[in-house]
Amino acid sequence: MTTTFDPASLPSLEQQTKTRPWRQRTTKFDVSVAIAVAVPMMIVIGMFLFSDIPGALVLVIYLPLQMFASGCAAVATKGKRGILDSVIIVNAVGASIFTFVIIFSVLWSLVSKGLKALSIPFLTQNSTYISPSTPLEYGGMAHAALGTLIVVAISALIAVPIGIATAIYITEVRGKAVPYVRFFVQSMSGVPSVVAGLFILTTLILTGAINTSAFAGGLAYAVLMLPTVARTAEEVLRLVPDDLRTGALALGSTRARTVLQVVLPAAKTGIVTAIILGIARVIGETAPLLMTSGKNDATVANPFSDPISTLPVSIFENVAQPYPDAVTRAWGAALILMVLVAILFTVARLLGRNKIK
Amino acid sequence: MSTAEFEQSVVALEQEFSVPAQQGPVELEARDLSVWFNSRKVLEGVNLAFPKNTVTALIGPSGCGKSTFIRTLNRLHELLPGAALAGEVLYEGEDIYGPTKDPVHIRLSIGMVFQKPNPFPSMTIRGNVLSGLKLSGMKRSNHDEIVEQTLISAGLWNEVKDRLGHAAGELSGGQQQRLVIARALAVQPHVLLMDEPCSALDPASTLKIEETIRELSKDITIVIVTHNMQQAVRVADYTAFFLAAENEPGRVIEQGRTTEIFGNPQDQRTLDYVNGRFG
Ligand SMILES: Nc1ncnc2c1ncn2[C@@H]1O[C@H](COP(=O)(O)OP(=O)(O)OP(=O)(O)O)[C@@H](O)[C@H]1O
Ligand SMILES: [Mg+2]
């Protein structure tokens, strides 16, 4: 005889509550973790307070101590198997805290010093008639922020399409020149930023082909941005499984359509990362802009005609001045630059989000 | 192998194995198991017992929750986002979802072979077979013997014995599937879960795997999901029929000895399904 489903059991099944047992932790586990965190901490604090051991040394002792304590906790809760887990977790958490502290202290000095400069005029005015000794109430960085945006936009307009096209050539077209192209892209990523500026200066500006301008700055930035975008996009496209390509081709798709409608969308978030990394590579670069876009206290909107100020160049100029207000201005400009970067990246991430959940 | 020979061996197999094994103690058992993905209930009230050293086939139309069910049996279900469950899964009498249970231990004793072959691409053929030992930290000295034995069991030995050091990726899909079966056997699990292990195999390899399953079932308990009715008849002592009505969670409609399910089903839907009338 077989057993069939008994509909009479349905009401009691309705009563069942769903659980996630794998998320529940035992008291023993919680207690072990608490002890493993508290004891080394107390030992270290005790050493700080009551011994002559130098503070830095105490910190160096802390990591092995914590690993040992966590290892003990792991053995107590999971047996020998847990030791490796605990070592990895302690190191990962330790490394993240370390990174976090560094990033946070950089951010903190930037925000605390930059906020002093921040005001409505600082965000909306330019620096015409402003000298390094002028008090903070006058003048602003709006012209430099605009300059940075224009220069970065020009470089992205040039470097992103070329970079992605390069990546597509390498991963999708797979032509004969691939090794050479890869070699050149790789070499380009080693070009120092000063050299990129010098290159544009000597070949285009000094020959009279273009003016010292946002466009010249954008070209210099593009030289720097291109290899980053190309390399990252290449790695990302390489991650797209070949099954997708064959799948599309088997549907009668052309290679171009396959790339545009299947491969690139599959790699969308990664391509956005490539663009972000490209922008991040250049946006703070100062040296190439000193030679190509120069400086200008007035607001310039024409990217081809005149020199234009940018945030990095403004920071560079102001920070070297013997006047405290100028230095504060530099910090303010740095803060604006950072906020600009944050906004750009957030927007890029939002645009690159996968629509289908 | 010619078609005639193939059919002969099928008949031989069917005769040889049509007598179900004696029902032993229950090794693995699901009790009132319901499973969710987020707010969607995909399985409801599954009660299934797997007696020690038997083969149980899970059959049912696509999307009725067979893979989901089999994944709850060795705690792989919880790795998916939104996963939740109610009820119990007892292994050797204890709930594998109990607070003191370590999923690593569970998965070591309850192995699994997946629908799609997934050999580790960075390892050689030999490395793949031994990977379970390495990953679980088991110490064994007779590696060569293990490699040979498990590859023979999985019916792959003759094809790869001269290229054990080659990359696993160069094997064909069917060969890869037999490789991952060998890999699962190398850690000597007590229970082996197989999710449509033969869907990528040719008839000859399929037969080979089925022989292996019968052979293995002398020592271990096997749960196999299959869409192939003849396969269920050939290998399984017991069969459970899963079905999900439209917009309802999947349920076990009928279960029992394979001969009964196929020869004398009580539920009309089972009768229809095993005779290929729907699904
Ligand atoms: N990761 C997931 N997230 C959400 N829902 C899922 C997920 N995996 C499976 N499901 C849903 O659970 C149900 C059962 O799926 P399952 O893969 O278990 O079916 P199956 O019986 O194995 O089918 P098949 O025979 O085609 O392999 C399906 O309706 C499916 O849509
Ligand atoms: Mg399935």
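All of these numbers come straight from a predicted model, not from anything done at the bench. To find a chain, count down the sequence lines: A is the first, B the second, and so on, and within it residues start at 1.
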Measure distances from [X] to the heavy atoms of chain A and classify the residue's part below 4.5 Å as side chain, backbone, both or neither.
X: B:D32; answer: both
X: B:K101; answer: neither
X: B:V35; answer: neither

* Asked: Under a 4.5 Å heavy-atom cut-off, does chain B meet the side chain of A:S9, its backbone, both or neither?
  -> neither
* Structure fact -> Cut-off 4.5 Å, heavy atoms of chain B, and the answer for A:L84 is neither
Close side-chain approach of [X] to [Y], heavy-atom, < 4.5 Å:
X: B:I253; Y: A:T4; answer: no
X: B:R251; Y: A:L13; answer: no
X: A:F5; Y: B:V46; answer: no

* To do: Provide the closest heavy-atom pair for A:W22 versus B:R75 in the form atom of the first, atom of the second, distance.
  => CB-NH2, 3.5 Å
Sub-3.5 Å donor-acceptor pair from the side chain of [X] to the main-chain atoms of [Y], do we have one?
X: A:R20; Y: B:A83; value: yes
X: A:K18; Y: B:N38; value: yes
X: A:R25; Y: B:P99; value: no

Flag yes if more than 12 heavy atoms outside [X] fall under 6.0 Å of its [atom1] atom; otherwise flag no.
X: A:Y62; atom1: OH; result: yes
X: A:R257; atom1: CZ; result: no
X: A:M41; atom1: CE; result: no

* Asked: With no hydrogens and no angle check, do the side chains of B:E254 and A:T2 hold a donor and an acceptor under 3.5 Å apart?
  ->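 Looking only at side-chain atoms, A:T2 and B:E254 do form a donor-acceptor pair, the distance falling under 3.5 Å.
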* Can A:T3 and B:Q255 be counted as having a side-chain donor-acceptor contact under 3.5 angstrom? -> no
* Give, for atom CZ of A:R23 and atom CD of B:E78, the distance between the pair rounded to the nearest 0.5 Å. => 10.0 Å
* So which of B:D102, B:L85, B:V252 has the biggest tally of heavy-atom pairs under 4.5 Å with chain A? -> B:L85
